[in-house]
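Just so we're on the same page: letters track the sequence lines, and every chain starts at 1. All values reported here derive from a predicted model rather than from experimental measurement.
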Amino acid sequence: MNTSTKMIIVLTLIAALSGSVLSMWDGVTAPLIEANRLKVLKAAISEVLPTYERYDEVQVRDDIILYVGKDTSDATVGVAFKAKGNGFSPDLTLMVGINPDFTSLTGIEVLEQTETPGLGNKIEEDEFKTQFIGLITDEQKAKVVKNVKPDDPTRGIQAISGATISSKAVVDIIWSQIDVVRELYATKVAGS
Amino acid sequence: MAKQNSLKIEVLKGIWAENPVLIQLLGLCPTLAVTNAAINGLAMGLATTFVLLSSSILISLIRNIIPAQVRIASFIVVIATFVTVVDKFLAAYTPDISKALGAFIPLIVVNCLILGRQEAFSSKNNVGRSILDGIGMGVGFAAVLTLLGAIRELLGEGSIFGVALMPESFNTWLVMILPPGAFLTLGLMIGLANWYNARRAEA
């Protein structure tokens, strides 16, 4: 057997073996990975829609899924959606909960962030996140104030000291999505 | 063929005399990137050890049928297979660690430590020796990563493996869990190892 043929045979064999091992292993792990993903998603939704019992998943646009939270009597208690953007570092993803009228927030949860440890990553702490509960979501964007509590806690939040950019980014990311989501909810979910 | 090491040396060399991180300075990218906590260092160390050991076994078994011209390609396919196995395993069973290590698990494929051991050792030695070499190098790598992670976590968060060890009044050194902390700590560790080895050589 000449070298070229041997090269082809050996590499083909190794690759085929590798492929079959991986496809078998994927069969074992894929359901577990999917279950983990769902668990994280559910935990985030229950964080931002505290009164929900179950949720309906509605794909309203290619890139937007709404999680419509219902209580035991099937009334809508709020809508959760993912909002993505950039913080001080890229790739900040939030889960945002809003009441059914789209007038105020019911909570936020940080799904993914790469902000600076010790500064920007404090956006994950409850002290920061709970400020968003009850924030009014009309066209007037919530104000981010430094060092003091906002005059009106339904209109503003206090920035994390040393991490104004990360704090502002959270507000910006939420507001960048609210109008789109409100529109889509009205036409695709509430209207139908 | 060069004079063969004793079997004991074959294991021990990876842990100290030829430690992959402190002496050979191989695989520094994951070493610096993921060691912001002891658990992350340990997880990366164990994942790398698994890939190294499995690849060493397989490569040394098939070393005589791999044509020299395609040996690197064959090594990489074998390594990539084991890395994917580990990646899926962590994502399925330990999602938190999988999230913390992020892209650095798939990047074990290009860890020069693993490819280096296949090229330098497993492709030239029998299975028994390759297993010993893989264990030694893997443990040496994992030990340094865990120690590095423990030092950075202790100073940066006041804890090791999440267990608080520092007094309440301890002011954490934030820099230690940021990238500069990795360079500072690793530099000092390599310096200490060199200093120790140099003193021993003199004595």
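With a 6.0 Å radius and a threshold of 12 heavy atoms from other residues, nucleotides or ligands, B/Lys88 has its NZ atom at or below the threshold. Within 6.0 Å of NZ in B/Lys13 there are more than 12 heavy atoms belonging to other residues, nucleotides or ligands. Heavy atoms of other residues, nucleotides or ligands lying less than 6.0 angstrom from CG of A/Asn2 number more than 12. The local environment of NZ in A/Lys70 is crowded, with over 12 non-hydrogen atoms from other residues, nucleotides or ligands closer than 6.0 Å. More than 12 heavy-atom neighbours from other residues, nucleotides or ligands sit within 6.0 angstrom of CD on A/Glu34. Within 6.0 Å of atom CD1 in A/Ile165, 12 or fewer heavy atoms from other residues, nucleotides or ligands are found, so the atom counts as exposed in its surroundings. Heavy-atom contacts from other residues, nucleotides or ligands closer than 6.0 Å to CD of A/Gln59 number more than 12.
Taking A/Leu32, A/Leu13, A/Val21 one by one and counting their heavy-atom pairs under 4.5 Å with chain B, the maximum is reached by A/Leu32.
Interface with chain A: from residues 55-83 of chain B, residues B/Ile62, B/Asn64, B/Ile65, B/Ile66, B/Pro67, B/Gln69, B/Val70, B/Ala73, B/Ser74, B/Val77, B/Val78, B/Thr81 qualify, criterion being any non-hydrogen pair under 4.5 Å. Contacts with chain B (heavy atom to heavy atom, under 4.5 Å) involve these residues of residues 98-114 of chain A, listed by number: A/Leu111, A/Glu112. Against chain A, the residues from residues 147-178 of chain B that qualify, each with a non-hydrogen atom under 4.5 angstrom away, are B/Leu174, B/Ile177, B/Leu178 in number order. For a heavy-atom cut-off of 4.5 Å, chain B lies close to no residue in residues 137-145 of chain A.
Of all heavy-atom pairs between B/Tyr93 and A/Val28, the closest is OH-CG1, 4.3 Å.
In this structure, the separation between CG on B/Asp87 and OG1 on A/Thr29 is 9.0 Å, given to the nearest 0.5 Å. A distance of 8.5 Å separates OG in B/Ser98 from CG in A/Asn36, rounded to the nearest 0.5 Å.
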